[in-house]
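Only heavy atoms go into these numbers, but all of them, side chains included; no hydrogens, no water, no symmetry mates. For reference, positions follow the sequence shown, starting with 1. Counting starts at 1 for both ligands and their atoms, following the listed order. This one's a predicted model, so the numbers in the text were calculated from it and none came from an experiment.
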Amino acid sequence: MSLPEKAFPVSWDQFHRDARALAWRIAGMGNGWKAIVCITRGGLVPAAIISRELGIRVIETVCVASYHDYSKQGEIEVLKEVHAELLANDGENVLIVDDLTDTGKTAGLVRAMLPKAHFATVYAKPKGRPLVDTFVTEVSQDTWIYFPWDLGFSYQEPIAKDHAG
Ligand SMILES: O=P(O)(O)OC[C@H]1O[C@H](OP(=O)(O)OP(=O)(O)O)[C@H](O)[C@@H]1O
Ligand SMILES: [Mg+2]
């Protein structure tokens, strides 16, 4: 992946609102969820917010890592699988939660484990979008989303400084 051109920084407040908006969308689909499977680590924060909003108290993890270096995707590694009990019935009534889908590789991998689960992310880029069922905000493929847990305060160059046209 080449270095993304645009930056989309997200504050805690904005992330909380967007994750809650995702919970509202999922709430409209009924309340038969038997568990959330969150994709660590990014899925942990939206899973906590959705769990609180929808009263889903069984939370499982699938531990996946692929971006070892900032913005560079390596081999996807599954560090921990989903518990066998949730794999039964192909993940029916299971809600998979992640912070975003980018190339869709992570979503594709986890979807294959739980083909009947509902896949929800807060943000989606065009390549990953077809792999998720519900999301809140789409950002372009050449944008890097900066999550509040990765950020500190720093000076920002004006957008027009190096931007021709
Ligand atoms: O659609 P993709 O191109 O597969 O990228 C999306 C995945 O990348 C990030 O996770 P990452 O592997 O960086 O691990 P992390 O959640 O621990 O930060 C993000 O949280 C998604 O899970
Ligand atoms: Mg992740």
Give the numbers and elements of all ligand 1 atoms closer than 4.0 Å to a heavy atom of [X].
{"X": "A65", "answer": "12 (O)"}
{"X": "T101", "answer": "1 (O)"}
{"X": "L100", "answer": "6 (C), 19 (C), 21 (C)"}
{"X": "D99", "answer": "19 (C), 20 (O), 21 (C)"}

Proximity to ligand 1 by part of [X], non-hydrogen separation under 4.0 Å:
{"X": "S66", "value": "both"}
{"X": "T106", "value": "both"}
{"X": "D98", "value": "side chain"}

- Query: Quick one: do R129 and E138 make a salt bridge, cutoff under 4.0 Å?
  - Reply: yes

- Task: For the pair R41 and D98, find out whether any cationic side-chain nitrogen is under 4.0 Å from an anionic carboxylate oxygen.
- Result: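 Looking at R41 and D98, the cut-off is not met.
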
- Quick one: does Q141's side chain get under 4.5 Å of E5's, heavy atoms only? no

- Can you list the residues that meet the side-chain contact (heavy atoms from CB on, under 4.5 Å) rule with W149, with sequence neighbours excluded?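 Expected list: W12, F15, V45, D99, F147.
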
- Task: Scan residues 16-38 for pairs that pass salt bridge (charged side-chain N to carboxylate O under 4.0 Å, His left out), counting only residues two or more places apart or in two chains.
- Result: D13-R17, R20-E53

- Message: Looking at A35, is its backbone amide N or carbonyl O close enough to the side chain of E60 to form a donor-acceptor pair, meaning the two atoms are under 3.5 Å apart?
- Response: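 Answer holds: no.
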
- Option whose closest heavy atom lies nearest to atom 1 (O) of ligand 1, chosen from T121, D102, L131: D102

- Counting both backbone and side chain atoms, is some N or O of G104 under 3.5 Å from an N or O of ligand 1? yes

- Query: Taking everything shown except F153 itself, do over 12 heavy atoms lie less than 6.0 Å from its CZ?
  - Reply: no

